[in-house]
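One structure is given below, encoded as structure tokens.
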2 protein chains.
Amino acid sequence: MLENVSAKKRVDPRVRRTRQWLQQALLDLMAEKSFEAITVQGLAERAGVNRATFYAHFNDKYALLEYAMRAQFQEKLRAELPEGAPFRPENLQRLIQLVAENMAEVQDHCPQPRGQMDTLMEKQVKAELHETLRGWLGGLPTGRRAGKPTTDQAATIASWAIYGAAVQWSQRERREPANEFAQQVLPFILAGLQPVAFGVAPETPTAARGRKRSAA
Amino acid sequence: MLENVSAKKRVDPRVRRTRQWLQQALLDLMAEKSFEAITVQGLAERAGVNRATFYAHFNDKYALLEYAMRAQFQEKLRAELPEGAPFRPENLQRLIQLVAENMAEVQDHCPQPRGQMDTLMEKQVKAELHETLRGWLGGLPTGRRAGKPTTDQAATIASWAIYGAAVQWSQRERREPANEFAQQVLPFILAGLQPVAFGVAPETPTAARGRKRSAA
DNA sequence: GTGAATTTGTCGCTTTGACGACGGAGGCCC
DNA sequence: GGGCCTCCGTCGTCAAAGCGACAAATTCAC
């Protein structure tokens with residue numbers, strides 16, 4: 001039905017609109033009631049779309065939620081890291097901050113008990129994270145770069161690490177600003193990526209303390 | 001192609017949307033450039049609609065302008081005089097005020113030289129005015145009411161009178177508020193409608209001064 | 001002027017959305 | 001239990017929108 005949100009090759013304008021409307025309708029309704037209380041025909045009505053049209057795009061409301069979660073994060077991503085932004089520490093930091101902000105936004109937009117939602121969001125955001133990281137790691141300019149399985153592995157690890165940190169941050173009762181959070185987390189992620197990014201094993205913080213900035 | 005804006009019997013949602021988008025695109029572009037400088041494909045692009053779709057709805061940009069002008073006025077009308085508002089002096093006054101406000105709004109929304117526009121707007125607003133007045137005059141509750149040709153005539157006369165007054169008002173360098181304007185004009189229009197509304201010839205102001213409130 | 005570029009209407013053809021209807025699954029009341 | 005209601009998922013049909021292409025008309029630049 002829906003292959004991939006990020007596969008954006010010449011989509012029929014009508015399709016874009018319909019999905020946009022359904023997505024917006026979902027977000028609107030989620031601010032009013034819990035996800036369980038939302039019905040497909042409620043969604044269709046709110047979106048101004050025929051109910052049958054809904055089923056032409058999504059299997060059920062869960063599929064729409066998946067789509068919406070990913071699309072929302074993707075949009076923020078494109079806005080902050082336009083197109084082929086290079087792999088730099090500051091960009092990675094922005095990415096981390098984005099994950100945190102997105103999570104916070106979702107959480108206070110949907111005050112109702114979010115049952116399935118968190119799981120679904122996690123899946124989609126991590127998928128998008130993975131894709132971005134894989135793009136960065138796979139396209140490194142240095143000749144000495146790791147093979148595909150390794151970059152996939154590294155991307156997966158980093159995705160989980162980032163997301164996990166964001167979850168922990170978002171659940172703190174007193175959280176610092178998202179940018180500070182990202183700044184704190186960045187070194188850990190960067191260190192974790194060392195092997196694939198530079199072809200060497202990651203150093204322990206203790207060992208690294210001797211030499212400074214050995215690699216740019 | 002387009003039968004009537006006010007004939008709103010079960011329109012396909014897609015049609016409503018497409019026309020809405022084209023109308024909005026026209027208004028947007030008119031705030032930026034003169035009507036002559038606007039192209040059909042510019043309209044289609046701005047509306048996010050295929051150019052061929054434009055021609056499925058309107059013969060040319062002039063037809064769209066007609067439609068937009070009437071729809072805009074119609075919308076204000078429905079908002080201010082919902083559905084079957086009865087024929088009362090205060091409602092007629094609101095109608096007059098509406099014509100004036102609409103004219104002012106159009107004039108400062110489109111700063112560019114408006115060539116064809118004014119003529120077109122006049123045609124459409126007068127048509128809508130006529131329809132409203134005809135509805136009022138034709139449905140008068142008194143048994144003693146004039147036949148159809150007379151009510152049409154009266155509606156036409158009143159439409160022109162109201163519109164003319166609004167034009168003159170809108171071209172003043174220092175215009176009073178629209179509600180004051182409407183208040184001033186109301187008596188004239190009301191007097192002009194006397195024959196059809198009450199089945200008697202209109203009185204001269206002098207003759208009327210003797211008796212007060214002869215008819216409710 | 002000429003020639004390139006743009007806009008205009010108009011065509012078939014394909015894809016998508018609207019609509020109404022259907023049977024079935026679940027909840028609720030009596 | 002049986003009725004009533006809402007929502008679900010799916011279907012077939014038809015209308016609307018997208019798209020590419022076309023010749024003709026126009027604007028624009030040189």
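Below, chain A is the first sequence line, B the second, and so on; all start at residue 1. Keep in mind that the numbers below use all heavy atoms, side chains included, and drop hydrogens, waters and symmetry copies.
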Atom pair distance, as rounded to whole Å: [atom1] in [X] and [atom2] in [N]:
| X | N | atom1 | atom2 | result |
| --- | --- | --- | --- | --- |
| Arg19(A) | dT15(C) | CZ | P | 15 Å |
| Phe54(A) | dT16(C) | CZ | C1' | 17 Å |
| Asp60(B) | dT7(C) | CG | P | 17 Å |
| Leu43(B) | dG9(C) | CG | P | 12 Å |
| Asp12(A) | dT15(C) | CG | C1' | 6 Å |
| Asn59(B) | dT8(C) | CG | C1' | 13 Å |

> When you list every nucleotide of DNA chain D with an atom under 4.0 Å from a heavy atom of chain B, which one comes first 5' to 3', and which comes last?
Replying inline: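 The protein-touched segment is dA15(D) to dA21(D).
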
In the structure I gave you, are the side-chain heavy atoms of [X] and [Y] within less than 4.5 Å of one another anywhere?
| X | Y | value |
| --- | --- | --- |
| Glu45(A) | Arg51(A) | no |
| Lys123(B) | Thr119(B) | no |
| His109(B) | Val106(B) | no |

> Quick check: are there more than 12 heavy atoms from other residues, nucleotides or ligands sitting under 6.0 Å from CZ of Arg172(A)?
Replying inline: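 Check passes, neighbour count above 12.
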
> Which residues, if any, of residues 44-53 of chain A bring a heavy atom under 4.0 Å of DNA chain C?
Replying inline: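 Listed by number, they are Gly48(A), Val49(A), Asn50(A), Arg51(A), Ala52(A), Thr53(A).
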
>> Please tell me whether Gln183(B) and Asn179(B) have a donor and an acceptor in their side chains that are separated by less than 3.5 angstrom.
In response: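 Absent: no donor and acceptor within the cut-off.
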
> OP1 or OP2 of dT10(C) less than 4.0 angstrom from a side-chain nitrogen or oxygen of Tyr55(B), does that happen here?
Replying inline: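 So the side-chain polar atoms of Tyr55(B) never come under 4.0 Å of the phosphate oxygens OP1 or OP2 of dT10(C).
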
> How large an angle, rounded to 10°, do the end axes of the helix from dG1(C)-dC30(D) to dC30(C)-dG1(D) enclose when each is built from five base pairs?
Replying inline: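 The helix from dG1(C)-dC30(D) to dC30(C)-dG1(D) shows an end-to-end axis angle of 40°.
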
> Where does the angle between the aromatic ring planes of Trp136(B) and Phe87(B) fall among parallel (under 30°), tilted (30 to 60°) and perpendicular (over 60°)?
Replying inline: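 Parallel: the ring planes of Trp136(B) and Phe87(B) meet at under 30°.
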
